[in-house]
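Step one of this worksheet: look at the structure below.
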Amino acid sequence: MRDTLTIALRTTVVTLLLTGLAYPLAITGIAQVLFPWQANGSLVTDERGQVVGSELIAQSFAHRAYFWPRPSAAGSGYDAAASSGSNLGTTSAKLRDRAAADVARLRESHPGSESVPADLVTTSASGLDPHLTPDGAAFQTARVAAARGVAPERVRAVVQAHLEGRDLGFLGEPRVNVLLVNLALDQQFGRPAPGDPATLPR
């Protein structure tokens, strides 16, 4: 009996040291050496060197001078500590009401626009998708340009410069990172005033 307990204890200790200490430390060290930016959260800084977010996590933008991200069901919205979808099915009245309200709000803030792209009224499974489709960005271009007082063509050029293609040429779909394109807008045209009346509560 004592021999059995000794063997079990030794096995437990060795397993804990290998899988609970040695392996995590080795993987963390390799990641820091080979992929330091990704391993540390893919953090994005502004022109002043201040961290403003992560390239991988969506955040809310409410000002009319910025591109708005997809809606989020993560916590109270864009909560990285509560990543999740709404889990509402296609027959859910709550889901239909929320989507209808979003469509109405988007049409009101984008007069004369055509049909609203689906990604602007649907949440992702994580609630933290940082990207828009090219259509989702194009839908908002006129509003962003008007709020910044520049020609739409100049805003479209910024979006085009930040258009990401398919991974490895065939995986996924073309997309635009909302945080990166909004930072690029600020760098090229300046930041809008925080108290600008164009701000639209969301």
Side-chain angles (χ1 to χ4, degrees), residues 18-19 22-47 49-61 66-75 77-90 95 99 102 106 113-145 152-189:
L18 287 176
T19 63
Y23 177 76
L25 287 176
I27 294 301
T28 300
I30 292 171
Q32 289 293 336
V33 171
L34 298 180
F35 311 103
W37 185 69
Q38 293 90 335
N40 289 296
S42 301
L43 300 180
V44 178
T45 57
D46 61 13
E47 69 278 2
Q50 295 182 338
V51 175
V52 293
S54 169
E55 186 176 323
L56 305 176
I57 299 177
Q59 58 183 276
S60 177
F61 286 93
Y66 290 113
F67 285 95
W68 297 335
R70 297 179 64 176
S72 172
Y78 310 102
D79 183 355
S83 174
S84 69
S86 67
N87 293 327
L88 298 176
T90 55
L95 177 62
D102 282 351
L106 287 165
S113 59
E114 298 181 0
S115 59
V116 177
D119 58 315
L120 293 181
V121 295
T122 55
T123 64
S124 64
S126 68
L128 302 172
D129 184 355
H131 297 101
L132 287 175
T133 63
D135 287 344
F139 179 86
Q140 303 181 63
T141 297
R143 183 254 304 159
V144 172
E153 292 75 17
R154 299 184 67 189
V155 174
R156 275 194 286 270
V158 174
V159 172
Q160 186 62 35
H162 288 80
L163 183 63
E164 301 174 15
R166 293 179 171 88
D167 295 331
L168 302 178
F170 68 95
L171 295 174
E173 295 293 333
R175 57 203 180 276
V176 178
N177 188 290
V178 177
L179 174 59
L180 296 184
V181 78
N182 282 338
L183 285 176
L185 289 172
D186 282 351
Q187 290 170 0
Q188 185 157 341
F189 306 120

Is any side-chain heavy atom of [X] less than 4.5 Å from a side-chain heavy atom of [Y]?
X: Val181; Y: Val158; answer: yes
X: Pro174; Y: Arg166; answer: yes
X: Pro130; Y: Leu179; answer: no

Between the side chain of [X] and the main-chain N/O of [Y], is any donor-acceptor distance below 3.5 Å?
X: Ser72; Y: Gly127; answer: yes
X: Gln59; Y: Val52; answer: yes
X: Ser42; Y: Glu55; answer: no
X: Ser126; Y: Ser83; answer: no
X: Arg175; Y: Leu163; answer: no

Once rounded to the nearest 0.5 Å, what's the spacing between atom [atom1] of [X] and atom [atom2] of [Y]?
X: Asp129; Y: Tyr78; atom1: CG; atom2: OH; value: 10.0 Å
X: Phe67; Y: Leu120; atom1: CZ; atom2: CG; value: 10.5 Å
X: Glu153; Y: Thr141; atom1: CD; atom2: OG1; value: 10.0 Å
X: Glu164; Y: His162; atom1: CD; atom2: NE2; value: 9.0 Å
X: Thr123; Y: Leu128; atom1: OG1; atom2: CG; value: 10.5 Å
X: Phe189; Y: Leu185; atom1: CZ; atom2: CG; value: 6.0 Å

Can you name the nearest heavy-atom pair linking [X] to [Y], along with the distance?
X: Thr45; Y: Leu183; answer: O-CD1, 4.2 Å
X: Gly41; Y: Ser54; answer: O-OG, 2.8 Å
X: Asp119; Y: Pro71; answer: O-CD, 3.8 Å
X: Ala145; Y: Pro152; answer: CB-CA, 3.7 Å
X: Pro117; Y: Asp135; answer: CG-O, 3.5 Å

Give the C-alpha distance, both sets of side-chain angles, the deciding distance and a yes or no for side-chain contact (heavy atoms from CB on, under 4.5 Å) between Gln187 and Asp46.
-> CA-CA 9 Å; Gln187 290 170 0; Asp46 61 13; 6.0 Å; no
Given Leu132 and Trp68, is the side-chain contact (heavy atoms from CB on, under 4.5 Å) satisfied, shown in steps?
-> CA-CA 9 Å; Leu132 287 175; Trp68 297 335; over 6 Å; no
By side-chain hydrogen bond (donor to acceptor under 3.5 Å, both in side chains), Gln38 pairs with (sequence neighbours left out) none
Contacts of Asn87 that satisfy side-chain hydrogen bond (donor to acceptor under 3.5 Å, both in side chains) - sequence neighbours left out =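 Asn87: no side-chain hydrogen bond (donor to acceptor under 3.5 Å, both in side chains) contacts found.
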Which pairs with one or both residues in residues 117-144 pass ring-ring contact (aromatic ring centres under 6.0 Å, His included), sequence neighbours excluded?
->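 Those involving residues 117-144 are His110-Phe139.
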Any Lys/Arg nitrogen of Arg70 or Asp102 sitting under 4.0 Å from an Asp/Glu carboxylate oxygen of the other?
-> no
Could you walk me through whether Thr133 and Glu173 pass side-chain contact (heavy atoms from CB on, under 4.5 Å), step by step?
-> CA-CA 8 Å; Thr133 63; Glu173 295 293 333; over 6 Å; no
